[in-house]
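Both backbone and side-chain heavy atoms feed into the values below; hydrogens, waters and symmetry mates do not. The chains referred to below are lettered A, B, ... by the order of the sequence lines, with proteins before strands, and numbering in each begins at 1.
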Amino acid sequence: MAKFNRYLITAALPYANGPVHIGHLAGCYLPADIYVRYLRAKKADVKFIGGTDEHGVPILIKALKEGVTPQDIVDKYHKIISESLSDMGISFDIFSRTTKQIHHETAAAFFKKMYDDGLFEEKETEQFYDEVAKVFLADRYIVGTCPKCGNPGAYGDQCERCGTSLSPDDLISPRSTLSDAVPVKKKTKHWYMPLQNYEPFLKEWLLEGHKEWKNNVYGQCKSWLDSGLQSRAMTRDSEWGIKVPLPDAEGKVLYVWFDAPIGYISATKELTPHWEDYWCKEDTKLVHFIGKDNIVFHCIIFPSMLKAHGGFVLPENVPANEFLNIEGDKISTSRNWAVWVHDYVKDFPGQEDIMRYVLCATAPETKDNDFSWKDFQQRNNSELTAIYSNFVYRTMVLVHKYCNGKVPPFHMDVKDEVDDKLLSDLLESKKKIEDALENYRFREALAEVINVARLGNVFLQGKAPWTLAKMQEENQKLIDNCLHLCLQLTANLAILSNPFMPGTSKKICHMLKVVDRMLEWENAGSLKLVNTGYPMREPQYLFTNIEDDKIQEQVEKLHAGLVKPVEAAPAPEAAPVKEDIQYDDFAKLDLRVGTIIEAEKVKKADKLLKLLVDIGTEKRTVVSGIALHYSPEEIIGKQVTLVANLAPRKMKGIDSQGMILMAEDAGGKLVFVNPDVQTAPGSEVR
RNA sequence: UGUGAGGUAGAGCAGUGGUAGCUCGUCGGGCUCAUAACCCGAAGGUCAGAGGUUCGAAUCCUCUCCUCGCUACCA
């Protein structure tokens, strides 16, 4: 740590088109805040930067749909998001927004510098355009029928049903999601950043220089670099965003992923005139806290931008977390499967520390993790209440009972090895916590904090002052020593848990009547935090048990809020009937009834089943794309209709001798077309 | 399709070649200052599966299975 004289900590800018949920907290805001509070307690020079990301197409679209301006949307969500985060004690030094003037200027200047240095490629391409809504459409905003699986709700970049990567050109009957118009191709010019030019730099800086990064982050970056980078457009056609600062750039804005990370710089500028100390001096440690969805932008693209522009420090680490699930299911804002932060602070006022604790304890640090209300209750009741709060409470009660509510003296003459052990255990825990925090292992650090409370309970149990008190006069010295140490340990707990649960630490300070300055990290491990003879306040509970009904209420609320997916997307009308054919055309088809006698999945193909079909005279091997609708076991013995004279075709190396007829509904569900009753295999269909 | 991360006791995790560990939960005991809280103890695991290297494998190699992500114009 000696290498660095100041810290610049950023947390991903939440996108201002909706509120934040606990997945956001667990993924980046909470770990960032814990890290920052720890650094502040160490009296480090640190700035904690955040803000809302307010540009981009989704905001524009949301505004169009709601009939308001994009500014209305971002104003609304900036307010909700910043209040939610501040309610949870996320202690940004500044929480800015990318629609601010200072950011527009900073981002535009950044772009201009790169442009002037000749670092962009100018390319003209054809993009899809919605002539009704008068906007260019990202692939995502075009829907149509998937050519592979027939899903009528496939997006222009991917079909979510069969997982195929698509381009809008592949879609059958593409439509704009905005206006339903048929997209047309239109020429447009953009500025591309040739990321491939930065490969040598990235390989050396990241792959060679930062092997200590988390597995998930490092692996992801290595995967990108190994497969080779390519040019990426840094501008978009849109009215909502930062205008491209060039003369011939009407209707062009910066790509949100170009402007958003520059938001960290703009916000620092807004915060302090000394912003350059944090961004441009080599002895600054820059750390980006993000969720795993942001890895490439923060580890590949933004560092390349910083390098290209020149004069900026590069991130020292990017400790991205994985995703948090809720009650076993992915968080989904569109289905409203989420625990919203603004709901939590309303339903559990003054109990932010419980959620901070639970989210840190179950944070998805190495893999996706699950949040459940049952777990929330259990951790509160058995860890925070039973171990932590209870230790502090019983200490306070005993001090009031046997020591008149004042810090008892410590008598050196009756000190024993158990007392010494307590101190050495405490120092060891402190070291473990520091080590874990400095290496972004927040779960581990927090577990060790609880362990300190556990040490207290073991100590208290072993000394049993309530037993000593049966002969209080002769044992007073022993009682004093025990409770003196328990009080010092309580004060230590306040320091050690402060980064995680600042509200709780404050409560302890209040009870012990000490000033907040005691919470400075260098005081941890000291046994001189409260002074002999000093009176304490009345005991108070730091945490109380949460009853089943309160948890039940939350679970019900979660399920009640769940929005059922709209059945089969915007159910398109049945496909129009094709043009007439003559009987002879039809007669060319040889359709037979067959019985499936064997079925197995085709390896390395999600959708294919290999079938053996008995058509009386022979048995045919047929590969059919029905694996998503039928399992092999359930179809053996079923009768089907087979196109028997279809030219054989190899699929996945298997010769498919025919095709099974399927009926498909508007939602894309496939069912067999088969005889009404069992019919002899080989029967002709006409 | 390729690729990244992950798969260890009922749950959540640690463990990179040498007797499988921690927390919660469960069960038994102790204590009574404390919020049915605390303390002590026990049960519970063919370390996803198969094969290989090794005196020895959760750990190294190969293959397979499962979960989640990425695959470049969603942010």
On a whole-Å scale, what distance lies between the [atom1] atoms belonging to [N] and [M]?
{"N": "B:C22", "M": "B:G69", "atom1": "P", "answer": "34 Å"}
{"N": "B:A58", "M": "B:G15", "atom1": "C1'", "answer": "8 Å"}
{"N": "B:U16", "M": "B:A50", "atom1": "P", "answer": "23 Å"}
{"N": "B:U59", "M": "B:U8", "atom1": "P", "answer": "14 Å"}
{"N": "B:U53", "M": "B:U62", "atom1": "C1'", "answer": "11 Å"}
{"N": "B:A72", "M": "B:G4", "atom1": "C1'", "answer": "15 Å"}
{"N": "B:C24", "M": "B:C38", "atom1": "P", "answer": "8 Å"}
{"N": "B:G17", "M": "B:C74", "atom1": "C1'", "answer": "46 Å"}

Would you say [X] reaches [N]'s phosphate, i.e. side-chain N/O to OP1/OP2 under 4.0 Å?
{"X": "A:Arg443", "N": "B:A14", "answer": "yes"}
{"X": "A:Tyr393", "N": "B:A34", "answer": "no"}
{"X": "A:Asn215", "N": "B:G6", "answer": "yes"}
{"X": "A:Lys330", "N": "B:U67", "answer": "no"}
{"X": "A:Lys470", "N": "B:U32", "answer": "yes"}
{"X": "A:Arg454", "N": "B:C24", "answer": "yes"}

Item to check | Donor-acceptor pair under 3.5 Å, A:Asn390 side chain vs B:A34 base | outcome: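 In this structure, the two groups form a donor-acceptor pair.
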Next on the checklist: I'd like to know if A:Gln461 reaches the base of B:C40 with its side chain, counting only an N/O donor and acceptor under 3.5 Å.
Outcome noted: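 Check fails, no donor-acceptor contact within cut-off.
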Would you call [X]-[Y] a salt bridge at under 4.0 Å N-O?
{"X": "A:Lys406", "Y": "A:Asp480", "value": "no"}
{"X": "A:Glu54", "Y": "A:Arg97", "value": "yes"}
{"X": "A:Asp419", "Y": "A:Lys463", "value": "yes"}

Could you work out which one of [options] sits closest to the side chain of [X]?
{"X": "A:Lys367", "options": "B:U35, B:G12, B:G6", "answer": "B:G6"}
{"X": "A:Asn457", "options": "B:C38, B:A75, B:G69", "answer": "B:C38"}
{"X": "A:Ser382", "options": "B:U35, B:C24, B:G69", "answer": "B:C24"}
{"X": "A:Thr467", "options": "B:C24, B:U32, B:C38", "answer": "B:U32"}
{"X": "A:Arg232", "options": "B:C73, B:A14, B:C68", "answer": "B:C73"}
{"X": "A:Trp257", "options": "B:A75, B:C68, B:C33", "answer": "B:A75"}
{"X": "A:Val458", "options": "B:C39, B:U71, B:C33", "answer": "B:C39"}
{"X": "A:Gln127", "options": "B:C33, B:G12, B:C73", "answer": "B:C73"}
{"X": "A:Arg394", "options": "B:C33, B:G25, B:C74", "answer": "B:C33"}
{"X": "A:Trp466", "options": "B:C73, B:U23, B:C33", "answer": "B:C33"}

Find the partner of [N]: check Watson-Crick (N1-N3 plus N6-O4 or O6-N4) and G-U wobble (N1-O2, O6-N3) distances, both under 3.5 Å, and reply none if neither fits.
{"N": "B:G17", "result": "none"}
{"N": "B:U62", "result": "B:A50"}
{"N": "B:G12", "result": "B:C22"}
{"N": "B:C68", "result": "B:G4"}
{"N": "B:G41", "result": "B:C27"}

Item to check | Face-on cation placement of A:Lys292 at A:Phe323 ring, 6.0 Å and 45° thresholds | outcome: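 A:Lys292 over A:Phe323 ring: yes.
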Atom pair distance, as rounded to whole Å: [atom1] in [X] and [atom2] in [N]:
{"X": "A:Asn294", "N": "B:G69", "atom1": "CG", "atom2": "P", "answer": "15 Å"}
{"X": "A:Glu322", "N": "B:C70", "atom1": "CD", "atom2": "P", "answer": "11 Å"}
{"X": "A:Ile81", "N": "B:A75", "atom1": "CD1", "atom2": "P", "answer": "16 Å"}
{"X": "A:Asn321", "N": "B:A5", "atom1": "CG", "atom2": "P", "answer": "16 Å"}
{"X": "A:Asn451", "N": "B:C24", "atom1": "CG", "atom2": "C1'", "answer": "13 Å"}
{"X": "A:His298", "N": "B:G69", "atom1": "NE2", "atom2": "P", "answer": "20 Å"}
{"X": "A:Leu206", "N": "B:G4", "atom1": "CG", "atom2": "P", "answer": "15 Å"}
{"X": "A:Leu225", "N": "B:A72", "atom1": "CG", "atom2": "C1'", "answer": "13 Å"}

Item to check | Short side-chain to backbone donor-acceptor contact, A:Ser497 and A:Phe500, under 3.5 Å | outcome: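 The answer is no, because no donor-acceptor pair under 3.5 Å joins these two groups.
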Next on the checklist: side chain to side chain contact (heavy atoms under 4.5 Å, CB included), that's the test. Do A:Phe120 and A:Tyr192 meet it? Break it down for me.
Outcome noted: CA-CA 5 Å; A:Phe120 290 120; A:Tyr192 287 70; over 6 Å; no
Next on the checklist: Once you apply a heavy-atom cut-off of 4.0 Å, does A:Asp53 come out as touching a base, just sugar-phosphate, or nothing?
Outcome noted: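 Sugar-phosphate only.
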Next on the checklist: List the residues meeting ring pair (Phe, Tyr, Trp, His ring centres under 6.0 Å) with A:Tyr393, not counting sequence neighbours, and say none if there are none.
Outcome noted: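 Only A:Tyr541 meet the ring pair (Phe, Tyr, Trp, His ring centres under 6.0 Å) criterion with A:Tyr393.
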Checklist entry - How about A:Phe297 and A:Phe302: are their ring centres within less than 6.0 Å of each other? => result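 For A:Phe297 and A:Phe302, the ring centres are not under 6.0 Å apart.
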Item to check | From CA spacing to verdict: side-chain hydrogen bond (donor to acceptor under 3.5 Å, both in side chains), A:Thr98, A:His103 | outcome: CA-CA 6 Å; A:Thr98 59; A:His103 174 63; 4.9 Å; no
Item to check | Earlier contact from the 5' end, RNA chain B, for A:Asp226 and A:Asn369 | outcome: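 Comparing both residues, the 5'-ward one is A:Asp226.
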Item to check | First encountered from the 5' end of RNA chain B, between A:Leu137 and A:Asp375 | outcome: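 Nearest-nucleotide comparison on RNA chain B picks A:Asp375.
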